[in-house]
Peer 1: 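Input: one structure, supplied below.
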Amino acid sequence: MADGAGGAAAGRTVTMLGRSGCHLCDEALGVIERVCAEVGASVEVRDLDSAPQAERDDYWDKIPVTFVDGAQHDFWRVDERRLRKALTRAR
């Protein structure tokens with residue numbers, strides 16, 4: 001089911017907003033990295049501890065928070081199938 005590098009997900013970015021030492025963040029990042037490697041999307045990780053206060057207020061109790069091309073996709077857990085579908089469907 002993977003499109004591979006250069007597929008529909010090329011040029012797309014998944015951003016994870018999380019914290020160091022967060023086990024849910026570690027699990028989510030594993031899923032994100034695996035899916036992005038399969039479909040050719042890039043991964044960005046941002047640390048909530050160094051985010052602006054407004055962002056910390058909005059997302060503190062939801063980490064890890066996942067964004068696809070800047071739009072919030074998920075929080076707490078990452079569903080591999082749902083993320084793959086979001087990355088490979090037409091924009």
Peer 1: I need the minimum non-hydrogen distance between His73 and Arg82, along with the two atoms involved.
Peer 2: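 Of all heavy-atom pairs spanning His73 and Arg82, the closest is O-NH1, 3.0 Å.
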
Peer 1: Quick one: list whatever passes salt bridge (Lys or Arg N to Asp or Glu O under 4.0 Å) with Glu44, sequence neighbours left out.
Peer 2: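 Salt bridge (Lys or Arg N to Asp or Glu O under 4.0 Å) list for Glu44, sorted by chain: empty.
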
Peer 1: Once side-chain contact (heavy atoms from CB on, under 4.5 Å) is applied, do any residues pair with Asp26, and if so which ones, sequence neighbours excluded?
Peer 2: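 Asp26: no side-chain contact (heavy atoms from CB on, under 4.5 Å) contacts found.
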
Peer 1: side-chain contact (heavy atoms from CB on, under 4.5 Å) with Asp58: which residues, sequence neighbours excluded?
Peer 2: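 Once residues adjacent in sequence are excluded, Asp58 has no partner under the side-chain contact (heavy atoms from CB on, under 4.5 Å) criterion.
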
Peer 1: Determine whether Cys25 and Met16 make a side-chain contact, defined as any pair of heavy atoms from C-beta on separated by less than 4.5 Å.
Peer 2: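 The answer is yes; the side chains approach within 4.5 Å.
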
Peer 1: Check whether any side-chain N or O of Arg56 sits under 3.5 Å from a backbone N or O of Ser50 as a donor-acceptor pair, and report yes or no.
Peer 2: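 The answer is no, because no donor-acceptor pair under 3.5 Å joins these two groups.
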
Peer 1: I'd like to check Val78 versus Val35 (side-chain heavy atoms, cut-off strictly below 4.5 Å). Are they in contact?
Peer 2: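 When only atoms from C-beta onward are counted, Val35 and Val78 do not touch, as no gap falls below 4.5 Å.
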
Peer 1: Quick check: do Cys36 and Leu87 have side-chain heavy atoms less than 4.5 Å from each other?
Peer 2: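 Yes, their side chains come closer than 4.5 Å.
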
Peer 1: Treat each ILVMFWY residue as a node, draw an edge where side-chain heavy atoms are under 4.5 Å apart, and state whether Val65 and Leu24 are in one component.
Peer 2: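 In one cluster: no.
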
Peer 1: Using 0.5 Å steps for rounding, measure from the CG atom of Asp74 to the CG atom of Leu83.
Peer 2: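 The CG atom of Asp74 sits 8.5 Å away from the CG atom of Leu83.
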
Peer 1: Does Phe75 share a hydrophobic cluster with Val45, counting links as ILVMFWY side-chain heavy atoms below 4.5 Å and allowing steps through other members?
Peer 2: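 Hydrophobic grouping puts Phe75 apart from Val45.
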
Peer 1: Tell me, with the steps shown, if Asp47 and Arg19 meet salt bridge (Lys or Arg N to Asp or Glu O under 4.0 Å).
Peer 2: CA-CA 5 Å; Asp47 187 347; Arg19 297 186 68 215; 5.4 Å; no

Peer 1: Taking all non-hydrogen atoms of both residues, which atom of Trp76 and which atom of Asp61 are closest, and how far apart?
Peer 2: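 Looking at all heavy atoms of both residues, the closest pair is NE1-O, 2.9 Å.
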
Peer 1: First locate atom CZ of Arg89, then atom CZ of Arg84, and finally report the distance between them rounded to the nearest 0.5 Å.
Peer 2: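 Reported to 0.5 Å precision, the distance equals 13.5 Å.
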
Peer 1: Nearest 0.5 Å please: distance from the OG atom of Ser20 over to the CG atom of Asp49.
Peer 2: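 Reported to 0.5 Å precision, the distance equals 8.0 Å.
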
Peer 1: Report yes or no: do Leu48 and Ile32 belong to one cluster of Ile/Leu/Val/Met/Phe/Trp/Tyr joined by side chain heavy-atom distances under 4.5 Å?
Peer 2: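 Different hydrophobic clusters.
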
Peer 1: With respect to Phe67, which candidate in Val14, Thr13, Leu17 satisfies the side-chain contact (heavy atoms from CB on, under 4.5 Å) definition?
Peer 2: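 With Phe67 as partner, Val14, Thr13, Leu17 yield a single side-chain contact (heavy atoms from CB on, under 4.5 Å), made by Leu17.
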
Peer 1: For the backbone of Val39 and the side chain of Arg12, can you confirm whether one donor and one acceptor N or O come within less than 3.5 Å of each other?
Peer 2: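 Checked: no pair found.
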
